[in-house]
Amino acid sequence: LVELDSAQVRDRLDSQVLATERATSEQIQADVKFENQKTQNITLLEEAKLKVQLAKLELKQYEDEQGGTFQIEMENIELTIQISQGKRLIQETNLRGIEVLKKLGYRSRGQLAQARLDALVADRTLAKDISSRKELVDYTYQKNKLKLQGSVDTAIRSLEQVKRDNRALIAQTQASK
């Protein structure tokens, strides 16, 4: 009668079971990592697309001739100029009236000086408002348009970069499966 030693066989069987469980665990981890990478890629891609859309919309909003940001700024400055022109006209009329009343002796030199000062302030305010319009049209518009167009271009380049990065990340994740 011969008795066989099964310890070696059991050790080999246990090693095989552990190796199989480890391989199964690594495969599950690789699959989860791959699915997570796909989800992250979709999120990054959609964020990049949204940035492009928002940048384009912001540029369109600025340039819209029917009610865009620039148009509203222009209308506001035009209204400010009209108000300044009205105030200037009032101050000029007031000054002419005070000059006549001063000649007749009904107004003092101090009142005449104040009327002249008020007319000068009205002239200066109008000149400042006209300069503000020129600055808005000649410089601010161009600067803002360039910034907004730059934002659109940057967002488009970022979108392309996200697409390339996503392809590379998926390839890396697949390779580790």
Side-chain angles (χ1 to χ4, degrees), residues 33-102 107-176:
K33 185 176 179 184
F34 178 72
E35 291 303 317
N36 285 344
Q37 188 62 56
K38 283 179 16 183
T39 302
Q40 185 179 9
N41 286 1
I42 290 169
T43 301
L44 291 172
L45 181 62
E46 292 305 316
E47 284 177 354
K49 286 179 181 178
L50 179 62
K51 286 179 182 178
V52 170
Q53 289 174 335
L54 290 174
K56 286 180 178 180
L57 183 60
E58 194 172 359
L59 177 60
K60 181 180 177 183
Q61 176 187 11
Y62 186 71
E63 291 187 313
D64 185 355
E65 293 180 10
Q66 299 301 318
T69 310
F70 175 73
Q71 187 63 35
I72 291 169
E73 289 178 39
M74 276 299 293
E75 289 172 5
N76 286 341
I77 199 115
E78 290 297 335
L79 178 61
T80 301
I81 289 171
Q82 289 174 3
I83 290 169
S84 293
Q85 286 172 331
K87 287 180 179 179
R88 178 180 175 216
L89 183 61
I90 290 169
Q91 292 303 326
E92 285 177 1
T93 303
N94 185 42
L95 176 60
R96 283 194 304 270
I98 289 180
E99 286 173 340
V100 170
L101 290 173
K102 168 74 170 89
R107 291 288 184 249
S108 69
R109 216 175 353 154
Q111 290 170 317
L112 179 60
Q114 183 62 49
R116 285 181 178 149
L117 178 61
D118 292 344
L120 284 173
V121 168
D123 284 345
R124 176 64 190 121
T125 301
L126 178 60
K128 183 179 84 57
D129 293 340
I130 290 170
S131 292
S132 293
R133 178 181 56 195
K134 179 176 177 29
E135 178 185 12
L136 179 65
V137 171
D138 293 349
Y139 304 107
T140 304
Y141 173 78
Q142 293 299 322
K143 283 190 329 189
N144 288 342
K145 185 177 176 184
L146 287 172
K147 284 179 186 176
L148 293 169
Q149 186 61 53
S151 293
V152 169
D153 295 343
T154 299
I156 289 170
R157 284 190 302 274
S158 292
L159 175 60
E160 293 305 315
Q161 183 177 357
V162 164
K163 288 177 182 178
R164 283 190 300 274
D165 288 348
N166 283 353
R167 286 191 297 270
L169 289 169
I170 284 292
Q172 283 178 341
T173 307
Q174 277 183 321
S176 69

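If you're wondering where the values come from, they're calculated on a predicted model, not measured in any experiment.
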Run the side chain to side chain contact (heavy atoms under 4.5 Å, CB included) test against [X] and tell me which residues pass, sequence neighbours left out.
X: V121; value: L117, T125
X: L112; value: L95, I98, E99, K102, R116
X: L169; value: Q37, N41, Q172

Handout entry: Side chains of F70 and T140 in contact at under 4.5 Å (non-hydrogen atoms)
Key =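 Sidechains of T140 and F70: no contact.
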Least distance between heavy atoms, [X] atom then [Y] atom:
X: A119; Y: Q91; value: CA-CB, 3.8 Å
X: I77; Y: S132; value: CD1-CB, 3.3 Å
X: A55; Y: A155; value: CB-CB, 4.4 Å

Exercise for the section: Look only at the side chain of Q174 and the backbone of A171, and say whether a donor-acceptor pair between them is shorter than 3.5 Å. Expected result: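 Side chain of Q174 to backbone of A171: no pair is present.
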Practice task
Decide whether D129 and T80 meet the rule of one side-chain donor and one side-chain acceptor closer than 3.5 Å.
Solution key: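 No - no donor-acceptor pair under 3.5 Å links their side chains.
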Problem - Donor-acceptor side-chain pairing of D118 and Q114 below 3.5 angstrom - result: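 Looking only at side-chain atoms, Q114 and D118 do form a donor-acceptor pair, the distance falling under 3.5 Å.
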Practice task
With rounding to the nearest 0.5 Å, note down the distance linking OG in S84 to CG in L89.
Solution key: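 If I round to the nearest 0.5 Å, the distance is 12.5 Å.
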Handout entry: Value rounded to 0.5 Å, distance of CG in N76 from CE in M74
Key =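 Going from the CG atom of N76 to the CE atom of M74 covers 10.5 Å.
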Problem - Chi angles and distances behind the side-chain contact (heavy atoms from CB on, under 4.5 Å) call for L148, V152 - result: CA-CA 6 Å; L148 293 169; V152 169; 5.9 Å; no
Please list all pairs passing the salt bridge (Lys or Arg N to Asp or Glu O under 4.0 Å) test where one or both residues lie in [range], with sequence neighbours left out.
range: residues 65-82; result: E78-R133
range: residues 139-155; result: E63-K145
range: residues 33-47; result: E35-K38, E46-K49

Practice task
State which residues pass salt bridge (charged side-chain N to carboxylate O under 4.0 Å, His left out) with K56; sequence neighbours excluded, sorted by chain then number.
Solution key: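 None.
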Practice task
Quick one: list whatever passes salt bridge (charged side-chain N to carboxylate O under 4.0 Å, His left out) with D123, sequence neighbours left out.
Solution key: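 D123 satisfies salt bridge (charged side-chain N to carboxylate O under 4.0 Å, His left out) with R88 once adjacent residues are dropped.
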Exercise for the section: Report the C-alpha distance between L44 and Q40 in whole Å, list the side-chain angles of each, state the deciding distance to 0.1 Å, and finish with yes or no for side-chain contact (heavy atoms from CB on, under 4.5 Å). Expected result: CA-CA 6 Å; L44 291 172; Q40 185 179 9; 4.1 Å; yes
Contacts of type side-chain hydrogen bond (donor to acceptor under 3.5 Å, both in side chains), residue [X], not counting sequence neighbours:
X: T173; result: none
X: N144; result: Y62
X: K60; result: none

Practice task
Evaluate side-chain contact (heavy atoms from CB on, under 4.5 Å) for I130 paired with L126, printing each intermediate quantity in order.
Solution key: CA-CA 6 Å; I130 290 170; L126 178 60; 3.9 Å; yes
Distance-only donor-acceptor pairs under 3.5 Å for side chains of residues 158-165, two or more places apart:
{"from": "S158", "atom 1": "OG", "to": "T154", "atom 2": "O", "distance (Å)": "3.0"}

